[in-house]
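Okay, structure first, notes after.
Side-chain atoms are counted along with the backbone in the values below, which use heavy atoms only and exclude waters and symmetry mates. Per chain, numbering begins at 1; letters A, B, ... match sequence-line order. Worth saying up front: this structure is predicted, and the values here are computed from it rather than measured.
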Amino acid sequence: MQYKFQAIEKKWQDYWRKNETYKVSKDTSKEKYYVLDMFPYPSGAGLHVGHPLGYIASDIFARYKRSKGFNVLHPMGYDSFGLPTEQYAIQTGIHPATATKQNIDRYRNQLDQIGFSYDWSREIQTSDPNYYKWTQWIFKQLFDSYYCIERDKAIQISALISDFEKTGNTKTNAACDDSIPQFSASDWKNFSKEEQEKILLNYRLAFLSETWVNWCEELGTVLANDEIKEGLSERGGHPVEQKLMQQWSLRITAYADRLISGLETIEWSESIKDIQKNWIGKSKGVSIFFNLENFNNKIDVFTTRPDTIFGVNFIVLSPEHPLVDQLTMPSQKSNVVEYINKAKLKSERDREIDKSVTGVFTGSFAIHPFTGKKVAIWIGEYVLAAYGTGAVMAVPSGDQRDWNFANHFGIKILNIFKDIDVSENAYEDKNASITNSDFLNGLSVKKAINLAIYKIEEGGLGKGKINYRLRDAVFSRQRYWGEPFPVFYKGNVPYILDDNKNVMLPPVDKYLPTSSGKPPLARAKKKDWNVYEGDRMETNIMPGWAGSSWYFLRYMDANNDEEFCAKENSDYWGQVDLYIGGAEHAVGHLLYSRFWTKFLFDRGFISFDEPFKKMINQGMILGRSSFVYRVKDSNTFVSFDKRKSYETTRLYVDISFVENDILDIEAFRNWRAEYCDAEFVFSDDGKYLCGHEVEKMSKSKYNVQTPDDLVEDFGADTLRLYEMFLGPLEQFKPWDVKGINGVHNFLRKFWRLVHDSENNFSISEEKPSKENYKTLHKTIKKVEEEIERHSFNTVVSTFMICVNELTDQKCNNREIISGFTVVLSSYAPHISEEIWQKLGNKTSVTSASFPNFNSSYLIEDEITYPVSFNGKTRFTIALPFEMTKDEVEIEIMKHEKTLHYLKGKLPKKVIVVPKRIVNIVI
RNA sequence: GCGGGUGUGGCGGAAUUGGUAGACGUGCUAGACUUAGGAUCUAGUGCCGCAAGGCGUGGGGGUUCGAGUCCCUUCACCCGCACCA
């Protein structure tokens with residue numbers, strides 16, 4: 001073996017470490033570029049080949065940008081708070097910090113092996129007290145802020161307090177809970193301190209409130225909507241139920257509109273933008289008040305179709321609606337109570353699966369705002385408490401859900417659509433004209449909507465309103481391994497610690513809830529807390545996404561003890577120019593970090609309001625599982641091609657025992673005791689052939705391919721090239737080791753190009769030929785273009801073509817090899833450093849400039865014209881470059897092959913596109 | 001149901017604005033060379049056909065001198081959301 005990659009890679013990794021090659025600092029003389037990976041959660045399983053895919057792409061891009069003269073920030077760290085480590089702690093008693101450190105060390109080893117250009121002096125860990133004290137600091141700022149709707153930004157709460165002192169809240173236009181009563185300046189002054197605090201809580205961006213939350217009993221904590229998939233917890237797949245609890249929340253809803261409009265300023269995939277838009281779920285409509293027949297208060301309903309107001313047959317409240325109690329007539333009491341209790345017991349999951357129509361009549365009536373007629377008030381599960389006002393005006397002729405409800409309970413349906421039959425289905429399209437609707441008669445839907453809104457607002461019957469599906473983000477978790485809150489209580493009123501005080505996670509005897517069901521932190525005794533104020537400390541912790549919502553800022557100033565990030569640093573490094581990570585964070589991390597960024601921007605701590613300017617979502621690398629086939633009730637395994645003659649059970653086999661689908665019998669027998677005397681029915685060639693399938697990599701499928709083995713066998717440069725060579729970055733693709741040899745051979749071929757048969761470095765000082773230059777410059781151009789448009793896979797082919805051509809040309813000219821080495825270095829940094837050094841350079845190839853493309857080398861003497869007949873290419877012909885259109889036509893028409901394909905006919909038309917193609921129409 | 005995405009050889013994939021479909025790599029078939037290697041080199045390899053020729057980018061239709069690429073329609077698979085009023 002001539003190309004000793006193991007020694008070379010070790011040598012350069014040591015060199016980079018010793019020389020701090022990848023350390024960067026602010027340098028205003030250079031243009032900055034910020035390339036960021038989504039930082040990993042350090043799990044116990046280590047990295048598999050799927051993880052580094054995005055890291056390799058971003059590393060290539062970072063190295064490339066550096067060679068183009070940019071000052072590149074390319075950091076890495078760990079999202080090290082989280083559930084799995086805590087679950088492990090519960091099982092083993094090992095402190096999560098200890099397990100986290102082990103896992104991080106393992107990750108670091110794996111990452112170092114791959115030769116990344118991270119500036120490790122900026123490493124961060126979200127579970128490090130020096131990091132999370134700044135997460136707590138941001139929470140303090142959120143607590144200390146409210147959202148001013150007029151100025152459309154977050155403002156310090158002191159401004160609101162001074163408003164209250166002057167005018168009470170009568171003129172206040174701020175995002176808050178709807179239920180706040182009005183008070184005057186003198187009311188405010190007369191409130192006790194505690195009462196004032198409680199009122200302010202309704203305005204703060206971080207606030208404590210009693211809300212319906214998703215409670216997961218199995219995990220012992222509440223979960224955010226984005227942590228639930230198909231009604232089950234994302235982690236572990238446990239059932240989730242609705243529970244009313246006092247929780248910290250963040251008022252993300254105040255930012256709903258900006259979170260939508262901001263999407264227009266960033267380069268993300270349409271699908272992620274759409275997912276976020278749908279998640280926020282903006283809808284324009286109108287809120288309409290229905291007076292009640294026997295009561296003084298009103299029911300507020302939200303609708304996007306005010307044009308259907310005359311089609312209202314009844315009103316439906318959600319079972320959790322606050323007026324349910326009041327409106328339930330004694331005669332209906334038992335029915336309603338029974339119905340509501342049943343609804344309460346249903347989990348998210350149950351509600352999702354069971355879509356049958358259910359409901360109950362309250363016995364009360366509302367008054368239609370225009371007709372004055374009585375409208376029955378029902379309760380129905382299909383109305384969600386959390387959306388809109390938790391009440392709907394039911395228009396069965398225009399809404400299928402209302403139609404189903406009416407149909408089920410035998411309610412007569414009012415039709416308000418001209419010439420439309422609603423006896424079988426509701427009419428949900430917007431193409432009909434309205435009828436039976438007083439002043440709306442004869443209007444199109446669009447016109448009717450506008451007129452209805454006008455009439456409703458004019459009559460004081462309601463108000464135009466924008467509704468969002470997005471809920472405020474529940475920010476408490478009843479667990480141990482997360483950021484503690486910088487919060488203490490006096491009585492039931494929460495207070496924030498002073499700016500210079502931060503809470504460290506206190507030690508606890510067990511990582512489990514207390515016997516009274518309080519979170520694990522409640523186990524800590526007073527002396528265990530580094531800070532203890534008031535009557536008690538907050539015992540909830542922050543959710544997993546707290547630390548990851550701002551980490552990209554900390555990298556800019558990772559070791560600052562005075563601030564979370566000095567403004568001069570965030571002003572210099574600015575937005576993340578390229579963010580690479582998985583699409584699975586579409587609504588969690590990516591929405592929350594946008595929210596925090598906007599907040600920090602509002603408060604003047606940073607100067608930009610979107611964190612990630614451009615994002616690429618890498619696709620998953622799927623595993624290739626292997627199978628053996630055991631004959632039923634025996635210890636005999638039959639080869640894949642013969643399995644059909646037997647009744648067999650398919651069993652996973654560890655892919656490390658399988659090469660090219662051939663099973664290593666010895667390794668298999670040694671795998672498990674039960675297989676040690678296994679018998680085999682072989683294929684005709686005497687080998688055992690395994691079956692295979694492409695699926696997600698997982699431990700239980702024994703199909704996990706770690707980068708470690710590959711780095712050992714082929715080297716990091718090969719792994720880097722191969723991961724890129726697999727296919728487009730964004731696409732899902734199966735992992736298949738077979739192709740790795742090809743990429744490895746390419747590096748060997750490059751090595752051979754500049755070494756003689758004795759493995760001595762050998763380079764020619766001659767002036768390169770025209771052909772040599774052409775090959776190099778073609779490569780420079782293509783590599784540059786492809787990297788710029790993030791087409792990382794095609795670049796590898798370009799390298800291969802270049803080395804193939806140079807080999808054919810027997811070209812080892814210094815000038816050409818030097819140029820190619822720099823071009824290659826972002827993909828294969830180790831071998832490039834080695835060759836670069838052998839070329840006599842004293843500094844690292846990472847400081848070399850990307851070669852300039854010179855188009856003059858690409859000018860051709862001849863053009864090879866494909867000649868087609870009726871669009872089908874038949875032959876090619878080389879003609880001088882400068883030949884004109886007419887000359888080409890003449891030349892082609894007298895060619896013998898043309899005559900052959902014309903078969904004596906006259907061409908109807910001859911199309912000549914100079915320098916490209918000739919097409920003859922017969 | 002709504003929104004987004006993907007369909008190209010045995011396999012991974014290439015084809016930037018419509019202009020030689022299958023680059024590059026694997027795999028396969030022959031052969032050469034050896035201090036038998038995960039080596040190197042040569043030739044072949046989309047499908048049908050001895051050939052001439054025909055057919056080919058999920059299917060059908062269209063625009064065009066020319067369509068993987070543009071338009072219409074349809075199918076399959078993947079992802080997200082899903083009683084959102």
Determine the contact category for [X]: base if any of its heavy atoms lies under 4.0 Å from a base atom, sugar-phosphate if only primed atoms, P, OP1 or OP2 are that close, otherwise nothing.
X      : answer
A/K277 : nothing
A/V913 : base
A/S283 : sugar-phosphate

Test: A/R469 cationic atom under 6.0 Å from A/W279 six-membered ring centre, within 45° of axis
yes
Aromatic A/F290 / basic A/K298 pairing, under 6.0 angstrom, 45° off normal
no
Pairing check on [N]: which nucleotide meets the Watson-Crick or G-U wobble criteria with it, both distances under 3.5 Å?
N     : answer
B/U35 : none
B/C70 : B/G62
B/C2  : B/G80
B/A30 : B/U42
B/G53 : B/C48

Protein-nucleotides 39-43 of chain B N/O pairs under 3.5 Å:
| unit_1 | atom_1 | unit_2 | atom_2 | d |
| --- | --- | --- | --- | --- |
| B/A39 | O2' | A/R748 | NH2 | 3.2 |

With sequence neighbours excluded, residues passing side chain to side chain donor-acceptor pair (under 3.5 Å) with A/N617
none
Aromatic centroids of A/F750 and A/F799 separated by under 6.0 Å
no
Is B/G27 syn or anti, taking syn as a glycosidic angle within 90° of 0?
anti
